[in-house]
Amino acid sequence: MGATVTTATNGKTWDGGNEPMGASYGKMMMWFFIVSDALTFSGFIAAYGFSRFKFIETWPIADEVFTHFPFLHGVDAPMYYVALMTFILIFSSVTMVLAVDAGHKLQKQKVAVYMALTILGGLIFVGSQAWEWKNFIQGSHGAIETKGGSMLQFVNRQGERVAIADFAKHLPKDREQLDRKDGVWYMSEPTVSTYSVEEVVEGFKANPDILVRTEFITKDKKKTVLSREQSLDRLKDAKLVVEGANMYRNEYGHKLFANFFFFITGFHGFHVFSGVIINIIIFLNVIVGTYEKRRSYEMVEKVGLYWHFVDLVWVFVFTFFYLV
């Protein structure tokens with residue numbers, strides 16, 4: 001007659017007992033997600049680093065790209081707005097810490113207030129990132145792309161950037177964007193720029209105080225400015241006028257810069273937007289008293305882990321993409 005073997009445990013295997021490192025199942029799964037997502041961002045930043053140092057001599061200078069600030073049109077404010085965005089996001093992490101702490105003390109009203117501030121910070125950051133994208137896509141000065149794919153920018157004798165619109169000569173020549181509505185569905189072409197190459201070249205010839213600046217960076221970390229004769233000779237290879245930035249080319253320099261900018265900041269922005277949506281759901285649950293009835297605000301703590309991760313990732317993106 002076979003013996004019956006039974007086993008017993010004191011409490012549940014996971015939920016409530018024998019918890020790895022004292023973490024609940026939900027928090028442990030959040031940590032797994034954070035680690036996997038951190039590896040993804042690490043791969044993106046590493047790829048950016050390899051590409052940047054491969055083209056280090058022609059990589060755009062961040063201080064010359066991110067110079068806009070809301071309501072200060074025409075004022076050169078390098079990195080100011082990016083720094084403000086970073087401060088707002090980090091401060092939202094502080095309010096999230098306060099929300100988690102209030103949850104541990106079962107203080108429903110404080111949890112709601114701090115969650116609301118966290119959501120507000122996230123919305124401001126996402127909106128700021130959208131505004132920054134708009135300015136990056138629109139551009140500010142314009143450039144000329146040569147037949148070899150190089151970008152030529154324009155400066156005055158003092159080395160200050162000059163916008164194409166400030167000197168381009170208007171020539172009586174009509175040019176219409178080819179589109180499917182015009183019966184040219186079999187054709188595709190880049191968006192027609194405001195000025196043609198001929199208008200830019202003629203305007204350049206008529207303004208002797210303007211020089212061409214190449215994308216090559218000197219030992220002083222400044223882009224190479226050509227003489228007047230060299231500038232005129234270089235413009236002979238002009239291919240098209242570039243205004244702003246997209247996935248194919250950008251007026252600031254190497255096109256990979258724009259590709260990584262859109263991809264890395266866009267991917268992070270998607271994380272922030274997702275975090276805001278999740279925070280709003282948790283906030284509504286706090287308002288209706290869901291966690292008060294459970295006598296546990298662990299959901300606030302779990303979404304807080306995600307929010308801190310998003311903030312930490314931005315610190316690395318800000319450091320490697322904007323500062324280094």
When you look at E298 and K27, which way does the salt bridge (charged side-chain N to carboxylate O under 4.0 Å, His left out) test go after all the steps? CA-CA 8 Å; E298 185 179 302; K27 283 196 286 186; 5.2 Å; no

Taking the six-membered ring where the residue is Trp, are the ring centres of W133 and F262 under 6.0 Å apart? yes

Within the side chain of T224, is there an N or O that forms a donor-acceptor pair under 3.5 Å with the backbone of F216? yes

List the steps and the verdict of side chain to side chain contact (heavy atoms under 4.5 Å, CB included) for I164 and E243. CA-CA 9 Å; I164 287 178; E243 295 173 308; 5.8 Å; no

Residue from F267, Y48, F44 passing ring-ring contact (aromatic ring centres under 6.0 Å, His included) with F260: Y48

Okay, side chain of N250, backbone of H254: is any donor-acceptor separation there less than 3.5 Å? yes

Look at the rings of F261 and F136 and say which category their plane angle falls in: under 30° parallel, 30 to 60° tilted, over 60° perpendicular. tilted

Are K205 and L232 packed together at the side-chain level, in the sense that at least one heavy-atom pair is separated by less than 4.5 angstrom? yes

Side chain to side chain contact (heavy atoms under 4.5 Å, CB included) between W131 and H68: does it pass, once the steps are laid out? CA-CA 10 Å; W131 183 85; H68 301 87; 3.5 Å; yes

For E199 and V241, run side chain to side chain contact (heavy atoms under 4.5 Å, CB included): C-alpha distance rounded to whole Å, both residues' side-chain angles, the deciding distance at 0.1 Å, then the answer. CA-CA 10 Å; E199 289 175 325; V241 177; over 6 Å; no

So does V200 get a backbone contact from the side chain of K169, meaning a donor-acceptor N/O pair under 3.5 Å? no

How about K302: does its NZ atom have over 12 heavy atoms from other parts shown lying under 6.0 Å from it? yes

Single hit among R213, K222, K221 for salt bridge (charged side-chain N to carboxylate O under 4.0 Å, His left out) with E64: R213

Within a strict 4.5 Å, meaning less than it, do heavy atoms of the T319 and V324 side chains meet? yes

Side-chain (D63) to main-chain (F66) donor-acceptor, under 3.5 angstrom: no

Could you check L256 against W59 for side chain to side chain contact (heavy atoms under 4.5 Å, CB included), going step by step and ending with a plain yes or no? CA-CA 9 Å; L256 280 179; W59 204 254; 3.9 Å; yes

Does a side-chain heavy-atom distance below 4.5 Å link Y297 with E292? yes

Identify whether NZ of Lys or CZ of Arg in R228 sits under 6.0 Å from the centre of the six-membered ring of F204 and within 45° of that ring's axis. yes

Does M299 reach the side chain of R294, with side-chain heavy atoms less than 4.5 Å apart? yes

Identified ring-ring contact (aromatic ring centres under 6.0 Å, His included) partner of F321 from the options F41, F257, F316: F257

Quick one: does any side-chain atom of D37 pair with a main-chain N or O of F33 as donor and acceptor, under 3.5 Å? no

Strictly distance-based, threshold 3.5 Å: is any side-chain N or O of T40 a donor or acceptor partner for the main-chain N or O of S36? yes

For P208, does its backbone N or O pair with a side-chain atom of R157 as donor and acceptor, under 3.5 Å? yes

Flag, side chain of E251 to backbone of H141, donor-acceptor distance under 3.5 Å: yes

Looking only at atom types and distance, does a side-chain atom of H268 sit under 3.5 Å from a main-chain N or O of V310, one as donor and one as acceptor? yes

I'd like to know whether CD of Q138 has more than 12 heavy-atom contacts from other residues, nucleotides or ligands below 6.0 angstrom. yes

